[in-house]
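What follows is a short report on a single structure.
Atom set for the values below is all heavy atoms of this structure, side chains included, hydrogens, waters and symmetry mates excluded.
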Amino acid sequence: MKLSLSRIVGNTPLVKLSDKLYGKLETTNPSGSVKDRMVLYVLEHAIRAGEITNNSKLIEATSGNTGIALAMAGADLGLPVTIVMPSNMSEERKQMMRSYGAEIIDAPPGDFEAAINMKKQMLLEDSDLWSPNQFENPTNIECHFLTTAHEIHKQAGPSWAAFVHGAGTGGTIMGVKQYIDSFGLDVKVCLVTPAEEKHNIQGIGDGRDFLVDREKMDSVSVIATQDAVDRAKQIACETGLLVGISSGANVLAAEKWIAENDPEGVVITMLCDRGERYMSIFNS
């Protein structure tokens, strides 16, 4: 059993957004988001360990992008995929999962804990089900330590001053933070969080911190949903890059960090996914 798509995941470009701000353009991954990295990395790890066989069925609780990436990987492997997600996530995301052949089970709107608990119960009831367990799996962090952070360091070099990013599972920001600490880099890390308890910055702030250790963050930037939506739409008009709402939040937070800290080097953020999956929100 082998994932043929792994060879075209990662090695995404850094694009210049301003004199001191660059975005890691994760939209060039095959399903269009940063979650392709984690899903294929964790799946390959599980295949090598013998945890996934031809009889396996894949399942995950997700706000969207992990579900899209898992549905893509399931199609690549020829394995069925079930996605458990809050019912209020964007219809475009759901359509993408179904296009890959995945089944979607709705959890209560905005309730990621319920989605996770529903998935856990299903795992107990069916031994053929296998899950990446993205919200608690340390291999998620390892993936971004070995791939995302390494790529950024190679691309930005010694001019890298800060990394600004939101967290869904926390795998990306913790992987990058661990890389920075392991190599003794003088790079600050800023966590982006939603301003509202009930927000619509899909992909970050999913109820709790999960893999994120806030004590290891240098700062936290709080961004309102509408500001993130507006900034994402502006990015499309200003640069031609159609990216999602969390990318808008990341860019806005990075711009604030630059204004407040006036770094000598450049700031890196993540352009996490494509904007097509949010058209119903952008046009509302």
Side chains of R277 and S33, donor plus acceptor under 3.5 Å: no
Answer yes or no: is there a side-chain heavy-atom contact under 4.5 Å between Q202 and I281? yes
Under a 4.0 Å N-O cut-off, is there an ion pair linking E151 with K154? no
Residue pair S131 / E60, side-chain donor-acceptor N/O under 3.5 Å: yes
Regarding D230 and Q226, do their side chains bring together a donor and an acceptor under 3.5 Å, going by distance alone? yes
Donor-acceptor pair between E142 and Y41 side chains, under 3.5 angstrom: yes
Does this structure show an ion pair linking E26 with R274, if we count only N-O contacts that are shorter than 4.0 Å? no
Side chain to side chain, D76 and K2, heavy atoms closer than 4.5 Å: no
In this structure, CD1 of I204 is separated from CG of D206 (nearest 0.5 Å) by 8.5 Å
Under 3.5 Å side-chain donor-acceptor pair for N133 and K119: yes
Residues clustering with F135 (ILVMFWY side chains joined when closer than 4.5 Å, directly or via others): I116, F210
Across all chains, not counting sequence neighbours, the ring pair (Phe, Tyr, Trp, His ring centres under 6.0 Å) partners of H199 are none
Can you confirm whether the side chains of E125 and Q121 place a donor and an acceptor under 3.5 Å from each other? yes
I'd like to know whether N140 forms a side chain to side chain donor-acceptor pair (under 3.5 Å) with T169, so could you lay out the CA-CA distance, the side-chain angles of the two residues, the decisive distance to 0.1 Å, and finally the verdict. CA-CA 8 Å; N140 184 349; T169 64; 2.9 Å; yes
Expected list for residues 260-271: side-chain donor-acceptor pairs under 3.5 angstrom, two or more places apart:
| from | atom 1 | to | atom 2 | distance (Å) |
| --- | --- | --- | --- | --- |
| N261 | ND2 | W257 | O | 2.8 |
| D262 | OD1 | K20 | NZ | 3.1 |
| T269 | OG1 | V164 | O | 2.6 |

Side chains of H144 and T172: is there a donor and an acceptor less than 3.5 Å apart? yes
Taking every heavy atom of L70 against every heavy atom of V81, the minimum-distance pair comes out as O-CG2, 3.7 Å
Less than 3.5 Å apart, any donor N or O on the side chain of S280 or E91 sitting next to an acceptor on the other? no
Write out all pairs satisfying side-chain hydrogen bond (donor to acceptor under 3.5 Å, both in side chains) with one or both partners inside residues 215-225, taking only residues at least two apart or from two chains. E196-T225
For F112, what residues pass the ring pair (Phe, Tyr, Trp, His ring centres under 6.0 Å) criterion, not counting sequence neighbours? none
Should the pair D227-R231 be classified as a salt bridge under the 4.0 Å nitrogen-to-oxygen rule? no
Pairing residues for H165 by the ring pair (Phe, Tyr, Trp, His ring centres under 6.0 Å) criterion, not counting sequence neighbours: F163
